[in-house]
There are 2 protein chains.
Amino acid sequence: MGEGARSVTAKVLAMLEAFTPATPDLSLSELARRAGVSLPTAHRRAAELVAWGALERGADGRYRIGLRLWEVAALAPRGLGLRDVAMPFLEDLYEVTHENVQLAVREGLELVFVERIAGRHAVPVLTRVGGRFALHATGVGLVLLAHAPVEVQEQALAAPLHAYTPKTITDPDRLRELLAAVRRNGYAVSDGQVTLDALSVAAPIRGADAAVVAAVSLVVRADTAEPIALAPLVQAAARGISRMLAPRPGGW
Amino acid sequence: MGEGARSVTAKVLAMLEAFTPATPDLSLSELARRAGVSLPTAHRRAAELVAWGALERGADGRYRIGLRLWEVAALAPRGLGLRDVAMPFLEDLYEVTHENVQLAVREGLELVFVERIAGRHAVPVLTRVGGRFALHATGVGLVLLAHAPVEVQEQALAAPLHAYTPKTITDPDRLRELLAAVRRNGYAVSDGQVTLDALSVAAPIRGADAAVVAAVSLVVRADTAEPIALAPLVQAAARGISRMLAPRPGGW
DNA sequence: TCCGCGCATTCCGTTCACCGAAACGGGGGG
DNA sequence: CCCCCCGTTTCGGTGAACGGAATGCGCGGA
């Protein structure tokens, strides 16, 4: 949001944005400070947001994101809309492997995790439904980047690429080659590129116009499987989901 | 929202609320009409919401709920926060049965579905993640109502109760008895009360202070199982989730 | 072809919704 | 007692927000 004079809408949105996974509940003063609005303004806007249900205020006086906001947000076609279509296929993939299954979409230069199914014994992963991550390291991220518009690819490669582990590929030229291989192979592999103990294989999901709109991946413990063995599974799930997203009356 | 003069925040929220499962995408005029704001106002506010990501405008000029809103809303403790905790148990329940698994919370006089896992061959159910439903007919609804504050129960029973099928219990006295049985038994059964072909068994999930904060259910095709056989499964899942919600450092 | 309708976008004079500094009261700690 | 932080309320000033009107566009029907 711009500095100085800000619209009411901008302030309200800034207040919603003040909540993060690290700060899921906030006092009024914290909320005002994080949103960059004065205390009385935060107080007034918060009262409205609470009355509507976008925020909830607990007995402790602290604010949290409210269920009503989530209800409305659940209508986002690229969020739960996509997830609803994909869910049966994600379930199948999970059931066969009992490993992490992830569904993600690209948002600008990042990915957003739309769904994640993980059993209790699956390898821990640094992802959260609704959370964002870089494109260049994860399996789903690589798929989304490989199929993104060229401008997006070049933009992503022009920025400094964070090295999550010694195996993360941060050299733009190497990454370009990798992205070309992803497009050629029809799947991406991320081996120890996010955490050293995790291997993920991801495949592209195509939407109504055959453009890649999301990616699905399996994340397993490194050294427990070969990517080649996992790829057909993941690709089958991706193809199934793509089929469901294909054009038809009232389609997505 | 009040009539006549309305705050900016109220108008913005009314615009978000204009989207429904039946109308997930709207033209500007439709959005303005549904939200009860003038066209220029809707145009201005929509532009801000789109810039921030709460709404997305497609090439067709139509507006949809945006991914950014969902990202923020994913932080709702009673939404995906609860779902994250419950997911492994829901998965277990799904895997044993391959039937519909549902997770819901109470919001006023209605329930909101927080999660739903359904295989491709499960009985069709009238539920949608993020959607609302009455309390008096579904398994999860009965559990939530049975454990709701007395004022809520009396309020719900005082309203006209919709009969989804001839088997739906709409008589307040009969419903009171049923709710008492739910509390006694530790689970609820809804047999043909929502759709004639569906039987659901639900159990309460308790939060940090042992109060019932959610309910989990299994929905199967009627006449394919006995509630008594399903109840222990559902209750085990509910107990597992409750355990994860129990007080502990940084707990939910 | 012309006309009517609905749509989306922009303009502009008016006004009241919104603002934040300040005040107030409460709680906790030294 | 003083200090600090918090949350809530007050109130005069003002500019952000408003909507009717105008404009231009596309579409369908006569």
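The CZ atom of A:Arg45 sits 15 Å away from the P atom of D:dT8 (whole-angstrom rounding). Atom pair A:Asp60:CG and D:dG7:P shows a separation of 11 Å (rounding to whole Å applied). For A:Glu48 and D:dT8, the CD to P distance is 15 Å, given to the nearest whole Å. Counting to the nearest Å, the P atom of D:dC6 and the OH atom of A:Tyr63 are 13 Å from each other.
Partners of B:Ala214 under the side chain to side chain contact (heavy atoms under 4.5 Å, CB included) rule, at least two apart in sequence or in another chain, are B:Leu82, B:Leu103, B:Val105, B:Ile205.
OP1 or OP2 of D:dA17 has not a single side-chain nitrogen or oxygen of B:Arg44 nearer than 4.0 Å. OP1 or OP2 of D:dA17 has not a single side-chain nitrogen or oxygen of B:Lys11 nearer than 4.0 Å.
A donor-acceptor pair is defined here as one N or O able to donate and one able to accept, closer than 3.5 Å; no such pair exists between the side chain of B:Glu91 and the backbone of A:Ile117. Using modelled atom types, no side-chain atom of A:Arg132 and backbone atom of A:Leu111 make a donor-acceptor pair closer than 3.5 Å. Distance alone, capped at 3.5 Å, is enough to place a donor-acceptor pair between the B:Arg106 side chain and the B:Gly108 backbone. With B:Arg128 contributing its side chain and A:Asp84 its backbone, the two residues share no donor-acceptor pair below 3.5 Å. In this structure, A:Glu110 contributes its side chain and A:Ala134 its backbone to no donor-acceptor pair below 3.5 Å. Between the side chain of A:Ser242 and the backbone N or O of A:Arg206 there is at least one donor-acceptor pair closer than 3.5 Å.
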* salt bridge (charged side-chain N to carboxylate O under 4.0 Å, His left out) between B:Arg64 and B:Glu56: does it pass, once the steps are laid out? -> CA-CA 5 Å; B:Arg64 296 165 179 88; B:Glu56 291 176 358; over 6 Å; no
* Asked: Between B:Glu17 and B:Arg34, does a salt bridge (charged side-chain N to carboxylate O under 4.0 Å, His left out) hold up when you go through it step by step?
  -> CA-CA 9 Å; B:Glu17 209 168 23; B:Arg34 295 188 56 90; over 6 Å; no
* To do: Given salt bridge (charged side-chain N to carboxylate O under 4.0 Å, His left out), test B:Glu30 with B:Arg33 step by step and report yes or no.
  => CA-CA 5 Å; B:Glu30 289 165 344; B:Arg33 275 195 299 271; 5.1 Å; no
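Within residues 29-43 of chain B, the residues that have a heavy atom under 4.0 Å from DNA chain D are, in order of number, B:Ser38, B:Pro40, B:Thr41.
Residue whose closest nucleotide on DNA chain D sits further toward the 5' end, between A:Thr9 and A:Leu28: A:Leu28.
Within the 4.5 Å cutoff, no side-chain heavy atoms of A:Glu115 are placed close to those of A:Gln102.
For the salt bridge (charged side-chain N to carboxylate O under 4.0 Å, His left out) condition, the pairs that include at least one residue of residues 143-158 of chain B, sequence neighbours left out, are B:Glu154-B:Arg176.
Because its NZ or CZ atom is both nearer than 6.0 Å to the ring centre of A:Trp52 and within 45° of the ring axis, A:Arg68 counts as a cation-pi partner of that residue.
Between the two ends of the helix from C:dT1-D:dA30 to C:dG30-D:dC1, each summarised by a five-pair axis, the helix axis turns through 30° (rounded to 10 degrees).
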Distances under 3.5 Å only, N/O to N/O: pair up the protein atoms with those of nucleotides 25-28 of chain C.
none

List, with names and distances, any nitrogen or oxygen atoms from the protein found under 3.5 Å away from nitrogen or oxygen atoms belonging to nucleotides 22-26 of chain D.
none

